[in-house]
Amino acid sequence: MALTFYNTLTRRQEPFEPLKPGRVGMYGCGPTVYQLPHLGNYRSFLFFDLVHRYLVWKGYTVDAVMNLTDVDDKTINGALAAGISLADYTAPVAQAFFEDLRTLGVREASVYPRATERIPQMIELIGTLLERGHAYEVGGSVYFDVASWPEYGKLSRVDLAAVREGAGLQERERQAVDPDELGKRDPRDFALWKAAKPADRAVGAVWSTPWGEGRPGWHIECSAMGMAELGETFDIHLGGEDLIFPHHEDEIAQSEAATGKPFVRYWLHVKHLVIDGEKMSKSLGNFVTLRDLLEEGHSPAAIRYLLLGAHHRKELNFTRAGLADAREALRRLQDFEATLAHHPAAEDAAPTRLGEVAARALAEFEAAMDDDLNVAAALAALFTFVRESNSVLHSAGPLRAEELAAARRSLERIDEVLGVLRLARESARVGEDLAAWVEERIEARQAARARRDFQAADAIRAELAAAGIVVEDTPHGPRWKRA
RNA sequence: GGCGCCGUAGCCAAGUGGUAAGGCAGAGGUCUGCAAAACCUCGAUUCGGCGGUUCGAAUCCGCCCGGCGCCUCCA
């Protein structure tokens, strides 16, 4: 089975072959820690998680790097407004971000470098660009000289003439020129280093360099951190589609101009999460946060399922109804997992096609994922597995232990990539005291049923329901779960 | 204005030349003391519209309609 990715750089789907056999270096643009990420941001962070998990699943050793941008206009302005240092301002946001990642069951990356911890690497990289004539210094700020790099634009394929005119800006915005942009020789040039301003000094966002005090530009962060962690050329770089231009374009230019080597081999981009037909974004104010949804009572597993369930190169429209659908679909998977766990085995059971169904599910799941991580198709394979297995389980008595084990293994293996069942299990967990009480009530109910006192049995069921517990009677005895 | 993406059942969503996956919701049935879960059956003669290419098109081409993104804040 060959894994393929759609590569933004070539605009084609291509077989994935890492630089070093068996080992993959991947980098994802992480959050700017001035405010908690919203659900759209998490779509891309969950995509990072999906790629990470799937590469591990395929047997690769993965060096997964996600940066935290903790110095930029927004963090500096935020710290200034709060009257505290940059570090004090960003630390709690970063902490909350990591909490959110845990909530969503994101596999931990190998390293989460912070921009402020990698300043020397940035300074060194800028120094190299200056030496090589791809950058110039004006008044303590350093800019990348786009004209010196003919390949500029190869990722985004933007029309450089259009960029020159700043066509996307409103007239008013065009006049409100950022002082950092004033010294540029060419409008396409971008800041590698910004000379210190009073606000920077007030919050401690100042570092000294051979060309004066200041702080790094945004694009240089990712180049410096990516190359520091993964080498001058690495395999995969991913992020939201809005980063293609200028962020990733600039990363390529400054990295390749400095090293003379290809920067990244596969560029993967995630389409936006939209809400009410528009991109979810902080500037539009139409965003929903993970914490909002949790407060509304939605489960992390359902949110994860929803955000992961659509193909990453397609827009995903966020709605509460969609989240409810996700919850129901997930519930079906959970019920299937429980059915497999509770189904009795017997030595002398007749063989069924369950083992074959389980094997085919895994193969189809892998084929779908190999095809540019087609999660929607992979989920179809999973649900076909569920339906066909349920059909066998429904009509059979005890089954061969190895068949049941094969089915459980396939489900477990698939969930190693999706990570939704294990996440659901966490929130479905009940305390020992509650579990003991439920068991006791169920025994009482069984006794009532045995003497055909259905009124008493139903009363107990209602009692359990009031406590959020659902009882289901199966041919193999009652089982219960959290509602 | 430039570049690019999307439009598939009530909703979500795969499928990019060979005759429409999957999920949710809905209807009927089976099972059940009743439920729940599960299973079975039913739903697009059709893929925004109109032309064209082809033996054959949701898939390729053209035009049109509608929606969205990027064009130096942005996941």
Side-chain angles (χ1 to χ4, degrees), chain A residues 11 28-32 37-48 72-74 156-169 173 178 181 187-191 218-219 238-247 249-250 269-274 277-284 305-306 309-311 313-317 319 321-333 335-336 338-339 364 368 371 374-384 386-387 389-395 449 452-454 457-458 461 465 470-475 478-481:
Chain A
R11 308 285 161 106
C29 289
T32 298
H38 57 61
L39 213 58
N41 299 316
Y42 283 119
R43 183 186 192 194
S44 76
F45 302 148
L46 279 171
F47 179 64
F48 178 93
D72 78 321
D73 287 346
K74 285 173 178 165
S156 59
R157 306 188 183 186
V158 293
D159 180 346
L160 291 176
V163 171
R164 200 183 295 270
E165 288 162 18
L169 300 179
E173 294 172 322
D178 183 336
E181 309 294 299
R188 299 170 302 168
D189 294 349
F190 54 91
W218 177 39
H219 313 301
L238 52 82
E241 62 169 335
D242 50 356
L243 299 185
I244 295 172
F245 188 87
H247 186 53
E249 193 71 71
D250 291 352
H269 290 99
V270 191
K271 278 268 184 187
H272 287 138
L273 182 70
V274 301
E278 276 188 315
K279 169 185 172 181
M280 185 181 284
S281 79
K282 286 179 181 167
S283 45
L284 287 172
Y305 183 98
L306 178 71
H311 190 96
R313 283 192 290 116
K314 280 238 174 138
E315 236 168 42
L316 174 59
N317 187 29
T319 62
L323 193 50
D325 288 356
R327 186 189 65 226
E328 292 310 313
L330 183 57
R331 182 164 293 168
R332 181 167 162 80
L333 296 178
D335 283 334
F336 175 57
T339 301
E364 286 177 356
D371 181 14
N374 191 338
V375 184
L379 284 173
L382 172 57
F383 279 102
T384 299
V386 172
R387 191 186 62 251
S389 299
N390 272 330
S391 173
V392 172
L393 294 164
H394 176 72
S395 56
R449 292 182 72 208
R452 302 192 68 76
D453 182 356
F454 296 118
D458 289 349
R461 186 163 63 194
V470 176
V471 190
E472 296 174 356
D473 298 321
T474 78
R479 73 181 198 207
W480 58 276
K481 64 183 179 188

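A, B, ... follow the sequence lines: proteins, then strands. Residue 1 opens every chain. Values below: every heavy atom of this structure, side chains too, minus hydrogens, waters and symmetry copies.
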Between [N] and [M], how many Å separate the two [atom1] atoms, rounded to a whole number?
N	M	atom1	answer
rU41(B)	rG7(B)	P	30 Å
rA25(B)	rA13(B)	C1'	14 Å
rC47(B)	rA9(B)	P	10 Å
rU46(B)	rA21(B)	P	16 Å
rG17(B)	rG23(B)	C1'	28 Å
rG56(B)	rG18(B)	P	15 Å
rC6(B)	rU59(B)	P	13 Å
rC39(B)	rA20(B)	P	24 Å

Can you tell me the Watson-Crick or wobble partner of [N], both distances under 3.5 angstrom?
N	answer
rG33(B)	none
rU46(B)	none
rA25(B)	none
rU54(B)	none
rU59(B)	none
rC68(B)	rG4(B)

Does [N] have OP1 or OP2 sitting under 4.0 Å from an N or O in the side chain of [X]?
X	N	answer
K279(A)	rA75(B)	no
R332(A)	rA38(B)	yes
N374(A)	rG15(B)	yes
K314(A)	rC12(B)	no
N390(A)	rC39(B)	yes

Minimum-distance nucleotide to [X] side chain [options: [options]]:
X	options	value
F245(A)	rA37(B), rC70(B), rA21(B)	rC70(B)
F383(A)	rC73(B), rG23(B), rG69(B)	rG23(B)
K271(A)	rC5(B), rC24(B), rC70(B)	rC5(B)
H38(A)	rC68(B), rA75(B), rC73(B)	rA75(B)
R387(A)	rG22(B), rG33(B), rA75(B)	rG22(B)

With heavy atoms under 4.0 Å as the rule, sort [X] into base, sugar-phosphate or nothing.
X	result
D242(A)	base
L382(A)	nothing
A329(A)	sugar-phosphate
S391(A)	sugar-phosphate
H269(A)	nothing
G239(A)	sugar-phosphate

Rounded distance (Å) that lies between atom [atom2] of [N] and atom [atom1] of [X]:
X	N	atom1	atom2	answer
M280(A)	rC73(B)	CE	P	22 Å
D325(A)	rG26(B)	CG	C1'	13 Å
L379(A)	rG23(B)	CG	P	10 Å
D335(A)	rC24(B)	CG	P	11 Å
K282(A)	rC73(B)	NZ	P	16 Å
E328(A)	rC12(B)	CD	P	17 Å
H394(A)	rU32(B)	NE2	C1'	11 Å
W218(A)	rC73(B)	CH2	P	9 Å

R461(A) with D458(A): basic N within carboxylate O range, under 4.0 Å: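 Counted as a salt bridge, because a side-chain N and a carboxylate O are separated by less than 4.0 Å.
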Salt-bridge contact E315(A)-K271(A) (side-chain N to carboxylate O under 4.0 Å):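 A salt bridge is absent here (no side-chain N lies under 4.0 Å from a carboxylate O).
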Gap between atom NE2 of H38(A) and atom CG of L284(A) - 0.5 Å precision: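 If we round to the nearest 0.5 Å, L284(A):CG and H38(A):NE2 are 9.0 Å apart.
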Spacing of CG belonging to L273(A) relative to CG belonging to L46(A), to within rounding of 0.5 Å: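 Going from CG on L273(A) over to CG on L46(A), the span is 10.5 Å.
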Toward the 5' end of RNA chain B, by each residue's nearest nucleotide, R452(A) or T339(A):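 Mapping each residue to its closest nucleotide by heavy atoms, the 5'-most match is R452(A).
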Nearest-nucleotide 5' precedence on RNA chain B, G30(A) against A381(A):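 Comparing both residues, the 5'-ward one is A381(A).
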Is a side-chain donor or acceptor of [X] paired with a backbone partner of [Y] at a separation under 3.5 angstrom?
X	Y	value
E364(A)	A381(A)	no
T339(A)	D335(A)	yes
S44(A)	G40(A)	no

Aromatic centroids of Y42(A) and F45(A) separated by under 6.0 Å: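 Yes - the distance between ring centres of F45(A) and Y42(A) falls below the 6.0 Å cut-off.
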Heavy-atom neighbours of R11(A) CZ exceed 12 at 6.0 Å: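 More than 12 heavy atoms, drawn from other residues, nucleotides or ligands, come within 6.0 Å of this atom.
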Verify stack between F454(A) ring and rG33(B) base, 5.5 Å, 30 degrees: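 It does: the two rings, one from F454(A) and one from rG33(B), meet the stacking criterion.
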Taking only nitrogen or oxygen atoms into account, show me every contact under 3.5 Å that the protein makes with nucleotides 34-36 of chain B, one pair per line with its distance.
from	atom 1	to	atom 2	distance (Å)
rC34(B)	O2	R461(A)	NH2	2.4
rC34(B)	N3	R461(A)	NH1	3.0
rC34(B)	N3	R461(A)	NH2	3.4
rC34(B)	N4	D473(A)	OD2	2.9
rA35(B)	N6	D473(A)	O	3.1
rA35(B)	N1	D473(A)	N	3.0
rA35(B)	N3	R461(A)	NH1	3.1
rA36(B)	O2'	E472(A)	OE2	3.1
rA36(B)	N1	D473(A)	O	3.1

With sequence neighbours excluded, residues passing ring-ring contact (aromatic ring centres under 6.0 Å, His included) with W480(A):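 Counting only residues at least two positions away or on another chain, W480(A) forms no ring-ring contact (aromatic ring centres under 6.0 Å, His included).
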Parallel, tilted or perpendicular: rings of F190(A) and H219(A) (30°, 60°):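 Aromatic pair H219(A)/F190(A) classed perpendicular.
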